[in-house]
Amino acid sequence: MVDDAPSVWNPANVVTVLRIVVVPFFALALLDDGGHTVAGRLLATALFVAAAATDRLDGWLARRSGQVTDLGKLLDPIADKLLIGSGLVLLSWLGDLWWVVTVVILVRELGITVMRFFLLRYVVLPASRGGKLKTVLQAVAISLYLLPLAHLPAFVSVVAAVIMGVAVLVTVVTGLDYVRDAVRIRRAAGLPPAAGL
């Protein structure tokens, strides 16, 4: 007897969809009155933190209930990149974060996503411990930058800058690690290094 496929509208996927739905409300709150109101920044921070906190929740729910679906596998990374990407782009657009930081992180994220897509014919490249640490550092750094830093003690800005610097470093290093793993996998598959990627 074949088990019925899990419903795509299970609790895990609902959490993932809610994370996507939060993004425009987060953006509206952050951009309130040009991004300079304390209330708007605090609301944006709260929405971002709440959404980021569900990053592991949906996966845990899916595994715990045995309801891992293809839709969930597709939507989860999209939700993550929408949340992190919108936070970075909006902070840079408001002048609170250097554009080079946003570009480096987004190029790495999109590049690794495309690389994983091409590697699917050989193997699923799982997230490494470094990759998971990168995600946490990015979320913490963005959360700090979202705060109304002009109204907080100067050391908060320093802490935010340090954590963002570490996040960028880990982002680049783990990206290079993934590329190295991808080259190794392709060589093991007997293909020339220049083919694809």
Side-chain angles (χ1 to χ4, degrees), residues 16 19-20 22-24 26-27 30 44-45 47-49 51-59 72-147 149 157-189 191-197:
T16 304
R19 190 156 76 250
I20 295 174
V22 163
V23 171
F26 154 71
L30 180 58
T45 303
L47 289 172
F48 182 88
V49 170
T54 68
D55 180 32
R56 298 298 172 203
L57 176 61
D58 50 8
K73 293 177 183 178
L74 174 67
L75 290 182
D76 185 61
I78 291 175
D80 295 341
K81 285 170 178 55
L82 278 176
L83 184 65
I84 295 292
S86 61
L88 290 169
V89 169
L90 291 174
L91 284 170
S92 293
W93 188 69
L94 290 171
D96 297 331
L97 183 65
W98 287 352
W99 274 107
V100 66
V101 170
T102 295
V103 170
V104 166
I105 291 177
L106 292 185
V107 166
R108 185 272 192 201
E109 297 295 341
L110 293 175
I112 296 303
T113 298
V114 171
M115 185 185 73
R116 276 181 164 153
F117 173 78
F118 281 110
L119 284 175
L120 280 177
R121 73 187 81 170
Y122 311 113
V123 66
V124 174
L125 196 61
S128 65
R129 289 184 180 179
K132 293 175 182 178
L133 173 62
K134 173 266 306 178
T135 301
V136 171
L137 288 170
Q138 288 177 359
V140 171
I142 293 171
S143 298
L144 290 172
Y145 270 95
L146 289 171
L147 291 169
L149 294 177
S157 296
V158 174
V159 171
V162 169
I163 295 178
M164 183 61 80
V166 175
V168 171
L169 178 61
V170 174
T171 297
V172 172
V173 170
T174 55
L176 293 175
D177 283 342
Y178 279 128
V179 170
R180 182 196 62 199
D181 290 343
V183 171
R184 177 179 52 78
I185 290 168
R186 292 187 66 80
R187 284 178 179 166
L191 295 176
L197 286 190

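Numbering starts at 1 and runs along the sequence shown. If you're wondering where the values come from, they're calculated on a predicted model, not measured in any experiment.
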* Could you check if a side-chain atom of Val89 sits within less than 4.5 angstrom of a side-chain atom of Trp99, using non-hydrogen atoms only? =>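 A side-chain contact exists here, since the closest heavy-atom pair is under 4.5 Å.
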* Asked: What heavy-atom pair brings Ile163 and Ala141 nearest, and what distance separates the two atoms?
  -> CG2-CB, 3.8 Å
* Going through the distances and angles, do Met164 and Ile142 end up as a side chain to side chain contact (heavy atoms under 4.5 Å, CB included)? -> CA-CA 8 Å; Met164 183 61 80; Ile142 293 171; 4.1 Å; yes
* **Shortest non-hydrogen separation from Ala52 to Leu83 and the atoms involved** =>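 For Ala52 and Leu83, the tightest heavy-atom pair comes out as N-CD2, 3.6 Å.
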* Asked: Could you state the interatomic distance from OG (Ser92) to OH (Tyr145), rounded to the nearest 0.5 Å?
  ->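 Answer rounded to 0.5 Å: 9.5 Å.
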* To do: Could you check if a side-chain atom of Glu109 sits within less than 4.5 angstrom of a side-chain atom of Ile84, using non-hydrogen atoms only?
  =>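 Of all side-chain heavy-atom pairs linking Ile84 with Glu109, none is under 4.5 Å.
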* Shortest non-hydrogen contact from Ala167 to Leu137? -> CB-CB, 3.8 Å
* Single hit among Thr171, Val173, Ile105 for side-chain contact (heavy atoms from CB on, under 4.5 Å) with Lys134 ->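 So, applying the side-chain contact (heavy atoms from CB on, under 4.5 Å) to Lys134 and each of Thr171, Val173, Ile105, only Thr171 qualifies.
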* Please name the pair of heavy atoms, one in Leu146 and one in Leu91, separated by the smallest distance, quoted to 0.1 Å. =>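 So the minimum-distance heavy-atom pair works out to CD2-CD2, 3.9 Å.
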* Nearest 0.5 Å, what's the CG-CZ distance between Leu90 and Phe26? ->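 Here the interatomic distance stands at 6.0 Å.
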* Side chains of Leu88 and Leu97: closer than 4.5 Å at any heavy-atom pair? -> yes
* Quick one: do the Thr54 and Arg19 side chains pair a donor with an acceptor below 3.5 Å? -> yes
* Mind checking whether Leu30 and Phe48 have side chains closer than 4.5 Å, heavy atoms only? -> no
* Structure fact -> For Ser143 and Ala139 the tightest heavy-atom approach is OG-O, 2.7 Å
* **Candidates Leu144, Asp96, Leu149 - the one meeting side-chain contact (heavy atoms from CB on, under 4.5 Å) with Ser157** =>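 That would be Leu149; it is the only one of Leu144, Asp96, Leu149 passing the side-chain contact (heavy atoms from CB on, under 4.5 Å) with Ser157.
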* Asked: Can you tell me how far the CD atom of Gln138 sits from the CG atom of Leu133, to the nearest 0.5 Å?
  ->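 So the CD of Gln138 and the CG of Leu133 are separated by 10.0 Å.
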